[in-house]
Amino acid sequence: MTPELPELQEIRIQSEEATPASWEFEPTTGIVILLPNADRSAIASTPWRDFLTRMLSRYPETENPVHFSTPHGGRAAAVSVSEGVSTFKALTLARKAIGPLLAERPSELTVISLLDDEHAAGVMGEALLAAAHAGLFQLPRISGTSPTPKTLEAIHFYGTGFKHADFKHVEATAEGNNLARWLTHLPGNYLTPGIYRDLAESLAQKEGWETHFYDLDELEKLGAGAFLSVVQASPVRDAGILHLKYRPGDAQGKPLALVGKGICFDTGGSSLKVSGSMLGMHGDMQGSAVALGAFLAITRLKLSKPVDCWLALAENHIGSRAVKCNDVVTALDGTTIELINTDAEGRMVLSDTLALVSRGKPRAIIDYATLTGAVVAALGQRMAGAITNRRDWVGPIIQAGERCGERVWPFPYEDDYDEDLESKVADTLQCRTTGPGDHIYAARLLGRFVDKDIGWIHVDMASSGTHKGGLAHIPTDLQGFGVRFGVEWFKRFDDLSNAGD
């Protein structure tokens, strides 16, 4: 039985502009003190000035954060914050500060800002709340013994800068991220395409989203041969494309669209994965989980624009009916594709999904996919790769990633790459037979199925889906990367569009 979908833990938030006159805190209260970077003189105005001076003198100024026991038996973290601190750096500091405090299972946290930079205080306030929600969240565990959950009743913020913090935005994106991580962590037999559909539709009923599921019968009628080629060997016919609609109030016009690759398990098909490379392939649906998480966050924020979410749900099995290398399939828009590697199935399900999405003429599309190893080779595992069909979006994509703390770096999208995808028997090759740059060639294939009038961003998350020991505010290897980026992009999309006019 699949565990129930998670709910965000409720944390009471209180904020005061003045710092507390008395620093006599209960032992069950965790303390975070924000200090100006490389300037510990700010502690001179605090009731703990002598204690903090002695405590911090034991550590080099490069030690950040510094954890110590309080005079009243609790635990505290002193965090040095640079003026104009970046969101990513703030989230990273927050994770490192919050983690050891939450391990003590405090009932409350108190955050005291001694910063002169009110903007930095606001950024750190948001980061600390995000880190708290990420740290409190527990990934699903299939066991007869339930783990003892961590709880936190309240966070008290003291300092003038916290009035600039948008805590509602933090909570919405935290809930979306938790959902994405939770889904991705589920074992493959606990999240088949059919189970995934049921979970998403139950969430849709709760949130008031409209739904339509394109099952295999309907996809066959539509001629979605690219998608169908992936699922030919599946033992059950539960694959399909789930379309969710968010329609706030009287919102008019074409929607924005989120698209996600939802391969619930990937054997590689006829191009069978070998040795340990099949381990972890239940997480090949992470792109769809992030799309759904961003969609939930947008709903929580009551974004005024209509938004659609499309989840390409399938499994890539091996069997007597599996497609083979050099087979030719016909996609939904009539494009013929020569298969080169059946383990490059993600671009096949996304091709037909993007073609279907484009029929509705959305204002813009973001698709998420753990798509290629090439993007990992290019970037490592600390940021995602992106490719767009709008050259003037390259700078804004970088800036959006920097603002939200989920860093994204664009790659080129030039049509001469198509020369390397020419087939002698079909309109295009699925991918190259050998050679570097597969993340770019994958995007060139996907771009064929996006109407040129529609602005599109392809986010290859293979380089950001996991990071050993956590990244930014996320303390687990599994990141749920992309929720904050999608929300950031769609919130500011009108400003971007107007700037381009």
Side-chain angles (χ1 to χ4, degrees), residues 1-3 5 140 142 182-203 211-243 259-289 291-292 310-332 337-353 356 369-371 430-431:
M1 181 177 178
T2 299
L5 288 166
I142 313 302
W182 186 88
L183 288 168
T184 307
H185 190 70
L186 285 173
N189 59 328
Y190 281 79
L191 193 71
T192 63
I195 295 172
Y196 199 161
R197 174 192 172 186
D198 290 343
L199 287 172
E201 288 181 340
S202 68
L203 184 60
T211 68
H212 178 79
F213 185 67
Y214 294 83
D215 62 17
L216 295 186
D217 290 338
E218 188 167 2
L219 291 176
E220 286 168 357
K221 291 178 182 177
L222 289 170
F227 187 104
L228 294 168
S229 72
V230 175
V231 300
Q232 279 187 193
S234 294
V236 293
R237 290 175 60 84
D238 60 351
I241 300 173
L242 180 60
H243 181 195
V259 178
K261 171 190 170 185
I263 301 295
C264 295
F265 196 83
D266 179 20
T267 67
S270 297
S271 304
L272 189 66
K273 293 179 183 291
V274 296
S275 187
S277 59
M278 210 181 294
L279 289 172
M281 284 299 104
H282 64 288
D284 206 18
M285 39 58 65
Q286 188 170 175
S288 64
L292 186 60
W310 299 77
L311 308 179
L313 306 179
E315 289 178 313
N316 187 21
H317 280 280
I318 184 65
S320 61
R321 299 182 65 248
V323 291
K324 311 172 296 297
C325 298
N326 299 118
D327 283 359
V328 174
V329 300
T330 303
L332 188 146
I337 306 170
E338 181 182 0
L339 302 182
I340 300 301
N341 182 354
T342 66
D343 196 18
E345 83 297 327
R347 65 199 77 186
M348 302 302 288
V349 298
L350 285 175
S351 292
D352 275 339
T353 305
L356 192 58
T370 49
L371 205 65
Q430 172 201 29
C431 55

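All of these numbers come straight from a predicted model, not from anything done at the bench.
Under the 4.5 Å side-chain criterion, counting only non-hydrogen atoms from C-beta, Val328 is not in contact with Ile337. Considering only heavy atoms from C-beta on, Leu311 stays 4.5 Å or farther from Met285 through its side chain. Ser202 has its side chain within reach of Leu5: a pair of non-hydrogen atoms, C-beta onward, lies under 4.5 Å apart. Using a 4.5 Å heavy-atom cutoff, the side chains of Met278 and Thr267 are in contact. No side-chain heavy atom of His282 sits less than 4.5 Å from a side-chain heavy atom of Cys264. Here the side chains of Leu186 and Tyr196 are not in contact, with every heavy-atom distance at 4.5 Å or above. Using a 4.5 Å cut-off on side-chain heavy atoms (C-beta onward), Arg197 and Phe213 make contact. With a 4.5 Å cut-off on side-chain heavy atoms, Leu203 and Leu199 do not count as touching.
Across all non-hydrogen atoms, the minimal contact from Ala314 to Val231 is CB-CG1, 3.5 Å. Summarising the geometry of Val329 relative to Gly225, their closest heavy-atom pair is CB-O, 3.9 Å, with the distance given to 0.1 Å.
Put simply, the side chain of Ser351 never gets that close to the backbone of Ala226: no donor and acceptor are under 3.5 Å apart. In this structure a side-chain-to-backbone donor-acceptor pair under 3.5 Å is present from Thr342 to Gly268.
Atoms CG and CG, on Leu313 and Asp215 in that order, are 12.0 Å from each other to the nearest 0.5 Å. Residue Asp352 holds its CG atom at 12.5 Å from OH of Tyr214, rounded to the nearest 0.5 Å. Taking OG1 of Thr192 as the start and CG of Asp198 as the end, the distance is 8.0 Å to the nearest 0.5 Å. How far CD of Glu338 is from SG of Cys431: 10.0 Å, rounded to the nearest 0.5 Å. Ile241 contributes atom CD1, which lies 9.0 Å from atom CG of Leu350 (distance to the nearest 0.5 angstrom). Between atom CG of residue Leu219 and atom CG of residue Leu356 there is a gap of 7.5 Å, rounded to the nearest 0.5 Å.
For Thr370, the side chain to side chain contact (heavy atoms under 4.5 Å, CB included) criterion is met by Lys261, Asp284, Gln286, Met461, not counting sequence neighbours. With sequence neighbours excluded, the residues forming a side chain to side chain contact (heavy atoms under 4.5 Å, CB included) with His185 are Leu139, Pro140, Leu478, listed by chain and number. When the side chain to side chain contact (heavy atoms under 4.5 Å, CB included) test is applied to Val236, the partners found at least two apart in sequence or on another chain are Asp238.
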Note to self: As a quick check of understanding, evaluate side chain to side chain contact (heavy atoms under 4.5 Å, CB included) for Leu339 and Asn326, giving each step before the final call.
What the structure shows: CA-CA 5 Å; Leu339 302 182; Asn326 299 118; over 6 Å; no
Margin query: Before you tell me yes or no, could you show the steps for Cys325 and Ser271 under side chain to side chain contact (heavy atoms under 4.5 Å, CB included), namely the whole-Å CA-CA distance, both residues' side-chain angles and the distance that decides it to 0.1 Å?
Written below: CA-CA 8 Å; Cys325 298; Ser271 304; 3.7 Å; yes
Next item on the list: Would you sort out whether Phe227 and Met348 count as a side chain to side chain contact (heavy atoms under 4.5 Å, CB included), showing the intermediate values?
Entry: CA-CA 6 Å; Phe227 187 104; Met348 302 302 288; over 6 Å; no
Checklist line | Check against side chain to side chain contact (heavy atoms under 4.5 Å, CB included), Phe265 and Asn316 | finding: CA-CA 6 Å; Phe265 196 83; Asn316 187 21; over 6 Å; no
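Judged by distance alone, the side chains of Asn341 and Gln430 never bring a donor and an acceptor atom under 3.5 Å apart.
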